[in-house]
Number of protein chains: 2
Amino acid sequence: MARITRSNGERTAAAIRQAALRLIHQQGFAAMNLRELAAAVGISPASLYNHMTTKQSLLFDLMLEHMTALLEQTDAALAAAGPEPLARLEAFIAHHVLYHLERKREVYIANFELRALDPPNAARIITMRHDYEARLIGLLEEGAAAGLLNLGDARISAYAMLAMLTGVCTWYRADGRLQPAELVALHTRLALEGVRRKG
Amino acid sequence: MARITRSNGERTAAAIRQAALRLIHQQGFAAMNLRELAAAVGISPASLYNHMTTKQSLLFDLMLEHMTALLEQTDAALAAAGPEPLARLEAFIAHHVLYHLERKREVYIANFELRALDPPNAARIITMRHDYEARLIGLLEEGAAAGLLNLGDARISAYAMLAMLTGVCTWYRADGRLQPAELVALHTRLALEGVRRKG
DNA sequence: TCGATAAACGAACATATGTTCGTTTAGCAG
DNA sequence: CTGCTAAACGAACATATGTTCGTTTATCGA
């Protein structure tokens, strides 16, 4: 066989990314093999290489796209929230939860497959993750400076909050009992009460 | 070569478990290969099979030992905490953080390599994890019933707390800035303030 | 219409990997 | 001492896996 009628490069590349997200999320990057990926897309293993350079670059591209989108959308949400520190913090939390519900597979992969990246690729993703953490740490410090928050330690508080907020995407099911808006409300309260200034 | 002078089955088996914990934690179960594990222990790949039946069973044994210890030690900590709901909740949190700091590799593996287990093995570990979660949910419900806590949803609160408290072992370094006792204090406050009844 | 390119294929390669086998020898019970 | 067992080895097997190669053919701009 050769080229398939109505085949299209963009569509195939997108199908590969989607299938890879699903398989890596289910099994992990090392456990996913390219024959299985190809079968999921409906092409031969060799054809994958018309749309990617190596298995490693496929993983890196997925992570890079995710981190880029996360940073951009976070900045947009903060810009829309205005200047008030607590409002900005709440906007960050709400956006984080919603984004993580919506793209749980990407998030999971970016968090747990870092070790599968070549060191140079890993370094680039780690830098972007630090940028993201720095935004929350900055918000917490703003809130503390304004006398609105009471932090034991801004960095630890940020890590703890991120762990809690990100945790939601390990068990969230779109067909589950709770709606995204409810999860945002519950987690906003759980996160904020731990750092809000009392009295 | 044949049997090595002063070789000892127990010692080798323990060395295999330790090396496996380290390698699986670093690279993931699928990415760890038995030749590398054998080299880390200082024996040949074939010799591994004097101490384990398959690679799969090695992973399962590690997880089973961890979950068993976690459940036993948690129950001991709760028994020592007495009957008061808030004291029991604090004891749970403190024990959880300390255990997770001390055995971060086991925890990480038990959390993220479930997908690498055969379905029957996975089912056994999942049951034990549910048992563990049920203890926290029970504590939260006790506290709510006593009027001490104000929960949006006991199960969600429990998941969020566990995610936050477990998150500590993804970044904790024994040679880091903060001592375990400080981390316990910080996380106890962060976790409790989100659920404590106000006024 | 036609040629260049894109996008697919089957087949194969080189290597990696879990596991088994037959053998060897140290340690220990009798 | 002696023989059984535990614990190691090298070698090999069967399969899995990332990747390449040469080829084929649909698509599309000129």
Side-chain angles (χ1 to χ4, degrees), chain A residues 1-24 26-63 109 113 115-119 121, chain B residues 1-24 26-63 109 113 115-119 121:
Chain A
M1 218 187 320
R3 183 166 183 172
I4 293 287
T5 303
R6 284 191 304 282
S7 69
N8 173 292
E10 257 319 301
R11 207 166 43 222
T12 303
I16 291 173
R17 284 197 298 273
Q18 286 307 307
L21 282 176
R22 182 168 58 79
L23 290 174
I24 297 173
Q26 276 172 13
Q27 319 176 5
F29 177 72
M32 175 196 73
N33 69 72
L34 295 184
R35 280 165 181 78
E36 191 178 5
L37 175 61
V41 177
I43 60 180
S44 75
S47 298
L48 291 173
Y49 285 84
N50 287 319
H51 306 280
M52 63 186 219
T53 60
T54 62
K55 190 190 180 194
Q56 166 77 202
S57 79
L58 170 63
L59 177 62
F60 177 66
D61 289 347
L62 289 175
M63 288 203 193
I109 292 169
E113 296 294 356
R115 61 190 172 191
L117 287 179
D118 289 341
N121 287 343
Chain B
M1 218 185 319
R3 183 167 182 171
I4 292 290
T5 303
R6 284 190 306 283
S7 68
N8 171 292
E10 259 318 301
R11 208 166 42 224
T12 303
I16 291 173
R17 285 195 299 270
Q18 285 307 306
L21 282 177
R22 184 168 57 78
L23 291 174
I24 296 173
Q26 276 172 14
Q27 319 176 8
F29 178 71
M32 175 196 73
N33 69 72
L34 295 185
R35 280 165 181 78
E36 192 178 3
L37 175 61
V41 177
I43 61 180
S44 76
S47 298
L48 291 173
Y49 285 83
N50 287 318
H51 306 279
M52 62 187 219
T53 59
T54 61
K55 191 191 180 194
Q56 166 78 201
S57 79
L58 170 63
L59 177 62
F60 177 66
D61 289 348
L62 290 174
M63 287 202 194
I109 292 169
E113 296 293 357
R115 60 188 173 192
L117 287 179
D118 289 341
N121 287 342

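Just so you know, these numbers come straight off a predicted model, no measurement behind them. Chain A is the first sequence line, chain B the second, and so forth, proteins listed ahead of strands; every chain is numbered from 1.
- The base of dA8(C) sits within donor-acceptor range of the side chain of Asn50(A), with an N or O pair under 3.5 Å.
- OP1 or OP2 of dC9(D) has at least one side-chain nitrogen or oxygen of Ser47(B) nearer than 4.0 Å.
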Below 3.5 Å between N/O atoms, which protein atoms pair up with nucleotides 18-21 of chain C? Just atom names and distances, please.
| from | atom 1 | to | atom 2 | distance (Å) |
| --- | --- | --- | --- | --- |
| dG18(C) | OP1 | Met32(B) | O | 3.4 |
| dG18(C) | OP1 | Lys55(B) | NZ | 2.9 |
| dG18(C) | OP2 | Leu34(B) | N | 2.7 |
| dG18(C) | N7 | Arg35(B) | NH1 | 2.8 |
| dG18(C) | O6 | Arg35(B) | NH2 | 2.7 |
| dT19(C) | OP2 | Tyr49(B) | OH | 2.6 |
| dT19(C) | OP2 | Lys55(B) | N | 2.9 |
| dT19(C) | O5' | Tyr49(B) | OH | 3.0 |

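- Legend: residues meeting side-chain contact (heavy atoms from CB on, under 4.5 Å) with Ala40(A), ordered by chain and number and at least two apart, are Ala19(A), Arg22(A), Leu23(A).
- Atom CD1 in Ile43(B) sits about 13 Å away from atom C1' in dA6(D), given to the nearest Å.
- In this structure, Arg11(A) places its CZ atom 13 Å from C1' of dA8(C), rounding to the nearest Å.
- Residue Leu34(A) comes nearest to Tyr49(A) through the heavy atom pair CD1-OH, 3.3 Å, listed as atom of the first residue, atom of the second, then distance.
- The backbone N or O of Arg115(A) lies less than 3.5 Å from no partner atom in the side chain of Gln27(B), so there is not a single donor-acceptor pair.
- Here His51(B) reaches the OP1 or OP2 of dA8(D): one of its side-chain N or O atoms lies under 4.0 Å away.
- Remark: side-chain polar atoms of Lys55(B) are not paired, donor with acceptor, to backbone N or O of Asn33(B) under 3.5 angstrom.
- The backbone N or O of Ala116(B) lies less than 3.5 Å from a partner atom in the side chain of Gln56(B), making a donor-acceptor pair.
- Between Leu37(B) atom CG and dA16(C) atom P there is a gap of 18 Å when expressed in whole angstrom units.
- Nearest heavy atoms, Arg35(A) versus Pro45(A): CG-CG, 3.7 Å.
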